[in-house]
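Heads up: numbering here begins at 1 and tracks the sequence.
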Amino acid sequence: MTETTRLDDAHTAMQADLNDDAARLRFYERLADGELFLLLTEEPVGNDITPDIFELEGASFVLVFDREDRLAEFVGAPAPYAALPGRVIASMLAGQNIGLGVNLGVAPSSILIPSDALDWLADTLKSGPQQVEARIAEVHSPSAPETLIAALDAKLASAGGLASHACLAGVTYADGRKGHLLGFIDAVAGAENALAGAANEALTFSGLDAGEIDVGFFAGSDQVGGKLAALGVRFDLPAPQTPQRLAPVAPGSDPEKPPILK
(Lines give C-alpha, C1' and ligand atoms only; values in the text may rest on other atoms or scores of the structure.)
Protein backbone atom coordinates (compact mmCIF):
# COMPACT_ATOMS: atom_id res chain seq x y z
CA MET A 1 0.00 0.00 0.00
CA THR A 2 1.19 3.51 -0.72
CA GLU A 3 -0.82 5.30 1.96
CA THR A 4 1.46 6.87 4.53
CA THR A 5 0.82 7.09 8.26
CA ARG A 6 1.54 9.75 10.86
CA LEU A 7 4.57 7.72 11.91
CA ASP A 8 5.81 7.71 8.30
CA ASP A 9 5.45 11.49 8.11
CA ALA A 10 7.25 12.02 11.41
CA HIS A 11 10.07 9.72 10.31
CA THR A 12 10.45 11.57 7.01
CA ALA A 13 10.67 14.91 8.83
CA MET A 14 13.28 13.51 11.22
CA GLN A 15 15.41 12.07 8.41
CA ALA A 16 15.28 15.35 6.50
CA ASP A 17 17.45 17.00 9.17
CA LEU A 18 19.10 14.70 11.69
CA ASN A 19 20.21 17.74 13.71
CA ASP A 20 16.62 18.90 14.23
CA ASP A 21 15.93 17.89 17.83
CA ALA A 22 12.27 18.95 17.61
CA ALA A 23 11.62 16.67 14.63
CA ARG A 24 13.29 13.77 16.41
CA LEU A 25 11.18 14.36 19.50
CA ARG A 26 8.00 14.41 17.39
CA PHE A 27 8.93 11.04 15.90
CA TYR A 28 9.36 9.52 19.35
CA GLU A 29 6.08 11.07 20.45
CA ARG A 30 4.23 9.50 17.51
CA LEU A 31 5.87 6.17 18.31
CA ALA A 32 4.75 6.36 21.95
CA ASP A 33 1.20 7.53 21.22
CA GLY A 34 0.35 5.12 18.42
CA GLU A 35 -0.94 1.58 18.55
CA LEU A 36 1.77 -0.85 17.43
CA PHE A 37 1.49 -4.49 16.41
CA LEU A 38 4.15 -6.51 18.22
CA LEU A 39 5.25 -9.79 16.64
CA LEU A 40 5.08 -12.74 19.07
CA THR A 41 6.59 -16.22 19.11
CA GLU A 42 3.32 -17.88 20.12
CA GLU A 43 -0.23 -17.18 21.07
CA PRO A 44 -0.57 -15.53 24.50
CA VAL A 45 -1.13 -17.56 27.63
CA GLY A 46 -3.55 -15.54 29.70
CA ASN A 47 -2.12 -12.04 29.91
CA ASP A 48 1.43 -13.21 29.22
CA ILE A 49 2.99 -12.52 25.84
CA THR A 50 6.36 -13.57 24.44
CA PRO A 51 7.77 -11.17 21.85
CA ASP A 52 9.81 -12.69 19.04
CA ILE A 53 13.40 -11.47 19.50
CA PHE A 54 15.69 -11.09 16.49
CA GLU A 55 19.44 -10.59 16.35
CA LEU A 56 20.13 -7.72 13.94
CA GLU A 57 23.43 -5.92 13.47
CA GLY A 58 24.83 -7.61 16.57
CA ALA A 59 22.00 -6.53 18.88
CA SER A 60 18.60 -7.83 20.01
CA PHE A 61 15.35 -6.35 18.68
CA VAL A 62 11.64 -7.02 18.78
CA LEU A 63 9.61 -6.09 15.73
CA VAL A 64 6.60 -3.76 15.65
CA PHE A 65 4.45 -2.37 12.84
CA ASP A 66 2.03 0.52 12.85
CA ARG A 67 -0.53 -1.34 10.69
CA GLU A 68 -1.67 -4.95 10.60
CA ASP A 69 -1.16 -5.23 6.86
CA ARG A 70 2.46 -4.16 7.24
CA LEU A 71 3.10 -6.92 9.75
CA ALA A 72 1.43 -9.42 7.41
CA GLU A 73 3.53 -8.20 4.50
CA PHE A 74 6.72 -8.63 6.49
CA VAL A 75 5.90 -12.11 7.83
CA GLY A 76 4.24 -13.45 4.68
CA ALA A 77 2.20 -15.98 6.69
CA PRO A 78 -0.20 -16.02 9.67
CA ALA A 79 1.64 -15.09 12.87
CA PRO A 80 0.64 -14.20 16.43
CA TYR A 81 0.88 -10.58 17.51
CA ALA A 82 -0.35 -8.20 20.19
CA ALA A 83 -1.72 -4.72 19.57
CA LEU A 84 -0.34 -2.38 22.23
CA PRO A 85 0.36 1.35 22.63
CA GLY A 86 3.96 2.23 21.88
CA ARG A 87 4.43 3.58 25.40
CA VAL A 88 3.47 0.21 26.88
CA ILE A 89 5.97 -1.62 24.67
CA ALA A 90 8.72 0.85 25.60
CA SER A 91 7.99 0.36 29.30
CA MET A 92 7.90 -3.42 28.90
CA LEU A 93 11.32 -3.56 27.21
CA ALA A 94 13.09 -0.88 29.26
CA GLY A 95 16.32 -2.04 30.87
CA GLN A 96 16.43 -5.37 29.02
CA ASN A 97 18.99 -4.35 26.37
CA ILE A 98 16.44 -4.92 23.62
CA GLY A 99 15.79 -2.46 20.82
CA LEU A 100 12.82 -1.90 18.55
CA GLY A 101 12.63 -2.69 14.86
CA VAL A 102 9.88 -0.51 13.39
CA ASN A 103 8.17 -1.32 10.08
CA LEU A 104 11.31 -3.03 8.81
CA GLY A 105 11.37 -3.24 5.02
CA VAL A 106 7.67 -2.50 4.54
CA ALA A 107 7.25 1.25 5.05
CA PRO A 108 9.02 4.61 4.72
CA SER A 109 9.39 4.64 8.51
CA SER A 110 11.54 1.49 8.57
CA ILE A 111 14.08 2.01 11.36
CA LEU A 112 16.04 0.23 14.08
CA ILE A 113 15.79 1.96 17.45
CA PRO A 114 18.63 0.83 19.74
CA SER A 115 18.00 -0.25 23.31
CA ASP A 116 19.50 2.88 24.88
CA ALA A 117 17.14 5.09 22.86
CA LEU A 118 14.19 2.92 23.92
CA ASP A 119 15.30 3.21 27.56
CA TRP A 120 15.38 7.00 27.14
CA LEU A 121 11.85 6.99 25.75
CA ALA A 122 10.55 4.87 28.63
CA ASP A 123 12.22 7.17 31.20
CA THR A 124 10.85 10.26 29.47
CA LEU A 125 7.32 8.87 29.52
CA LYS A 126 7.61 8.06 33.24
CA SER A 127 8.44 11.63 34.24
CA GLY A 128 5.21 13.26 35.35
CA PRO A 129 3.99 16.64 36.56
CA GLN A 130 4.23 17.77 40.18
CA GLN A 131 1.17 18.90 42.10
CA VAL A 132 1.20 22.39 43.64
CA GLU A 133 -1.42 24.85 44.82
CA ALA A 134 -1.59 28.47 43.68
CA ARG A 135 -4.26 31.17 43.57
CA ILE A 136 -4.92 32.84 40.21
CA ALA A 137 -5.06 36.63 40.35
CA GLU A 138 -5.42 37.43 36.65
CA VAL A 139 -6.04 35.64 33.35
CA HIS A 140 -4.75 37.09 30.09
CA SER A 141 -4.02 36.07 26.50
CA PRO A 142 -1.27 33.48 26.10
CA SER A 143 2.15 34.15 24.63
CA ALA A 144 3.08 30.50 24.19
CA PRO A 145 5.07 29.58 21.07
CA GLU A 146 3.29 27.94 18.15
CA THR A 147 5.44 24.85 18.71
CA LEU A 148 3.80 24.23 22.06
CA ILE A 149 0.30 24.99 20.80
CA ALA A 150 0.74 22.51 17.94
CA ALA A 151 2.11 19.89 20.34
CA LEU A 152 -0.85 20.31 22.69
CA ASP A 153 -3.32 20.15 19.81
CA ALA A 154 -1.84 16.86 18.60
CA LYS A 155 -1.55 15.34 22.07
CA LEU A 156 -5.03 16.25 23.26
CA ALA A 157 -6.54 14.75 20.11
CA SER A 158 -5.73 11.37 21.67
CA ALA A 159 -7.50 12.23 24.95
CA GLY A 160 -11.00 12.12 23.54
CA GLY A 161 -13.80 11.81 26.06
CA LEU A 162 -11.69 12.74 29.11
CA ALA A 163 -12.87 16.37 29.21
CA SER A 164 -15.15 18.72 27.31
CA HIS A 165 -12.26 20.86 26.11
CA ALA A 166 -9.13 22.65 27.29
CA CYS A 167 -7.97 26.27 27.16
CA LEU A 168 -4.42 27.61 27.28
CA ALA A 169 -4.08 31.13 28.69
CA GLY A 170 -1.54 33.35 30.38
CA VAL A 171 -1.98 33.77 34.13
CA THR A 172 -0.63 35.86 36.96
CA TYR A 173 -0.72 34.26 40.39
CA ALA A 174 -1.31 35.94 43.72
CA ASP A 175 2.39 35.71 44.56
CA GLY A 176 3.27 37.66 41.39
CA ARG A 177 4.49 34.70 39.37
CA LYS A 178 3.48 34.72 35.72
CA GLY A 179 3.09 31.70 33.48
CA HIS A 180 0.75 29.69 31.31
CA LEU A 181 -2.16 27.57 32.48
CA LEU A 182 -3.84 24.78 30.55
CA GLY A 183 -7.30 24.50 32.01
CA PHE A 184 -9.35 21.37 31.39
CA ILE A 185 -13.07 22.03 31.45
CA ASP A 186 -15.53 19.46 32.85
CA ALA A 187 -12.97 16.65 33.07
CA VAL A 188 -14.21 13.13 33.72
CA ALA A 189 -13.72 12.11 37.34
CA GLY A 190 -10.48 10.18 37.70
CA ALA A 191 -9.00 11.44 34.43
CA GLU A 192 -6.97 14.24 36.01
CA ASN A 193 -3.66 12.35 36.13
CA ALA A 194 -3.97 11.17 32.54
CA LEU A 195 -4.75 14.68 31.29
CA ALA A 196 -1.94 16.28 33.29
CA GLY A 197 0.42 13.62 31.99
CA ALA A 198 -0.65 14.32 28.41
CA ALA A 199 0.05 18.02 28.87
CA ASN A 200 3.43 17.24 30.40
CA GLU A 201 4.35 15.00 27.47
CA ALA A 202 3.30 17.64 24.95
CA LEU A 203 5.65 20.09 26.64
CA THR A 204 8.47 17.53 26.80
CA PHE A 205 8.20 16.50 23.16
CA SER A 206 7.71 20.06 21.88
CA GLY A 207 11.48 20.55 22.12
CA LEU A 208 11.19 23.76 24.15
CA ASP A 209 14.10 24.26 26.54
CA ALA A 210 13.15 24.92 30.16
CA GLY A 211 9.49 25.23 29.18
CA GLU A 212 6.77 25.08 31.81
CA ILE A 213 3.00 25.14 31.90
CA ASP A 214 0.58 24.63 34.76
CA VAL A 215 -2.50 22.45 34.52
CA GLY A 216 -5.83 23.04 36.23
CA PHE A 217 -9.31 21.54 36.23
CA PHE A 218 -12.47 23.63 36.20
CA ALA A 219 -16.20 23.31 35.71
CA GLY A 220 -17.65 25.08 32.73
CA SER A 221 -19.66 27.25 35.12
CA ASP A 222 -16.57 28.39 37.08
CA GLN A 223 -15.54 32.03 36.78
CA VAL A 224 -11.95 31.04 35.96
CA GLY A 225 -13.18 28.57 33.35
CA GLY A 226 -15.12 31.37 31.67
CA LYS A 227 -12.09 33.66 31.61
CA LEU A 228 -9.92 30.90 30.16
CA ALA A 229 -12.46 30.34 27.40
CA ALA A 230 -12.70 34.06 26.64
CA LEU A 231 -8.97 34.80 26.55
CA GLY A 232 -7.22 31.51 25.85
CA VAL A 233 -6.57 29.17 22.97
CA ARG A 234 -9.20 26.43 22.91
CA PHE A 235 -8.50 22.74 22.26
CA ASP A 236 -11.52 20.54 21.61
CA LEU A 237 -11.15 16.96 22.77
CA PRO A 238 -12.85 14.62 20.28
CA ALA A 239 -15.63 12.29 21.31
CA PRO A 240 -14.29 8.85 22.27
CA GLN A 241 -14.21 6.26 19.52
CA THR A 242 -15.57 2.75 19.82
CA PRO A 243 -12.74 0.64 21.27
CA GLN A 244 -10.95 -1.49 18.70
CA ARG A 245 -10.08 -5.12 19.25
CA LEU A 246 -6.76 -5.29 21.09
CA ALA A 247 -6.51 -9.03 21.64
CA PRO A 248 -3.59 -10.77 19.94
CA VAL A 249 -4.69 -12.44 16.71
CA ALA A 250 -2.97 -13.86 13.67
CA PRO A 251 -2.87 -11.93 10.41
CA GLY A 252 -5.01 -13.81 7.95
CA SER A 253 -7.37 -15.23 10.56
CA ASP A 254 -9.94 -12.49 9.90
CA PRO A 255 -11.70 -13.16 6.56
CA GLU A 256 -12.45 -9.44 6.29
CA LYS A 257 -8.72 -8.60 6.45
CA PRO A 258 -6.74 -11.02 4.28
CA PRO A 259 -2.97 -10.79 4.71
CA ILE A 260 -0.76 -9.24 2.08
CA LEU A 261 1.77 -11.85 1.04
CA LYS A 262 5.22 -11.27 -0.44
Side-chain angles (χ1 to χ4, degrees), residues 1-39 56-57 61-74 81-94 98-127 144-160 168 194 197-209 211 213 235-238 241 244 246:
M1 292 186 178
T2 58
E3 181 185 356
T4 60
T5 64
R6 294 180 67 194
L7 190 63
D8 293 335
D9 294 338
H11 180 268
T12 298
M14 177 179 68
Q15 292 298 112
D17 184 358
L18 296 179
N19 293 319
D20 186 344
D21 292 338
R24 187 163 58 254
L25 285 169
R26 282 192 293 272
F27 171 77
Y28 278 107
E29 183 182 23
R30 295 290 177 268
L31 189 70
D33 283 347
E35 180 182 68
L36 299 176
F37 300 93
L38 174 65
L39 188 61
L56 302 169
E57 300 182 1
F61 293 86
V62 299
L63 303 187
V64 297
F65 304 84
D66 64 344
R67 291 199 317 221
E68 291 173 277
D69 60 294
R70 288 177 168 177
L71 184 148
E73 181 180 354
F74 176 86
Y81 68 86
L84 299 167
R87 65 185 59 248
V88 171
I89 296 174
S91 175
M92 181 176 64
L93 297 176
I98 298 176
L100 203 64
V102 181
N103 287 334
L104 294 187
V106 295
S109 52
S110 175
I111 188 174
L112 287 175
I113 298 176
S115 59
D116 56 348
L118 199 61
D119 291 345
W120 169 86
L121 178 59
D123 288 341
T124 298
L125 293 169
K126 283 192 300 186
S127 62
E146 285 298 324
T147 303
L148 176 58
I149 292 175
L152 286 169
D153 191 39
K155 178 65 69 174
L156 297 181
S158 64
L168 178 69
N200 184 69
E201 285 185 16
L203 179 63
T204 298
F205 288 111
S206 70
L208 296 175
D209 293 331
I213 57 173
F235 303 92
D236 288 311
L237 278 64
Q241 297 180 348
Q244 301 296 311
L246 298 181

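- Side-chain contact between Val64 and Tyr81 is absent, with no heavy-atom pair separated by less than 4.5 Å.
- In this structure, Ala202 and Ala151 approach most closely via the heavy-atom pair O-CB, 3.6 Å.
- Residue Leu203 holds its CG atom at 5.5 Å from CD1 of Ile213, rounded to the nearest 0.5 Å.
- Between Phe65 and Phe74, the ring planes lie tilted relative to each other; the angle falls in the 30° to 60° range.
- Remark: Asp21 engages Arg24 in a salt bridge, criterion side-chain N to carboxylate O under 4.0 Å.
- Using a 4.5 Å heavy-atom cutoff, the side chains of Thr4 and Thr12 are not in contact.
- Counting only heavy atoms from C-beta outward, the side chains of Leu100 and Leu121 never approach each other to under 4.5 Å.
- One finds the CG atom of Asp8 at 7.5 Å from the CZ atom of Arg67 (value rounded to the nearest 0.5 Å).
- Side chains of Ile111 and Asn103 form no contact here, defined as non-hydrogen atoms less than 4.5 Å apart.
- For Asp20, the side chain to side chain donor-acceptor pair (under 3.5 Å) criterion is met by no residue, not counting sequence neighbours.
- The shortest side-chain heavy-atom distance between Val106 and Leu71 does not fall under the 4.5 Å cut-off.
- The salt bridge (charged side-chain N to carboxylate O under 4.0 Å, His left out) test applied to Asp119 returns no partner, not counting sequence neighbours.
- Considering only heavy atoms from C-beta on, Leu36 comes within 4.5 Å of Leu31 through its side chain.
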Please list, one pair per line, the donor and acceptor atoms closer than 3.5 Å that link side chains of residues 84-93 to other protein atoms, with sequence neighbours excluded.
unit_1	atom_1	unit_2	atom_2	d
Arg87	NH1	Glu201	OE1	3.4
Arg87	NH1	Glu201	OE2	2.7
Arg87	NH2	Asp33	OD1	2.6
Arg87	NH2	Glu201	OE1	2.9

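- Within the model, atoms NZ of Lys155 and CG of Leu152 stand 10.0 Å from one another, a figure rounded to the nearest 0.5 Å.
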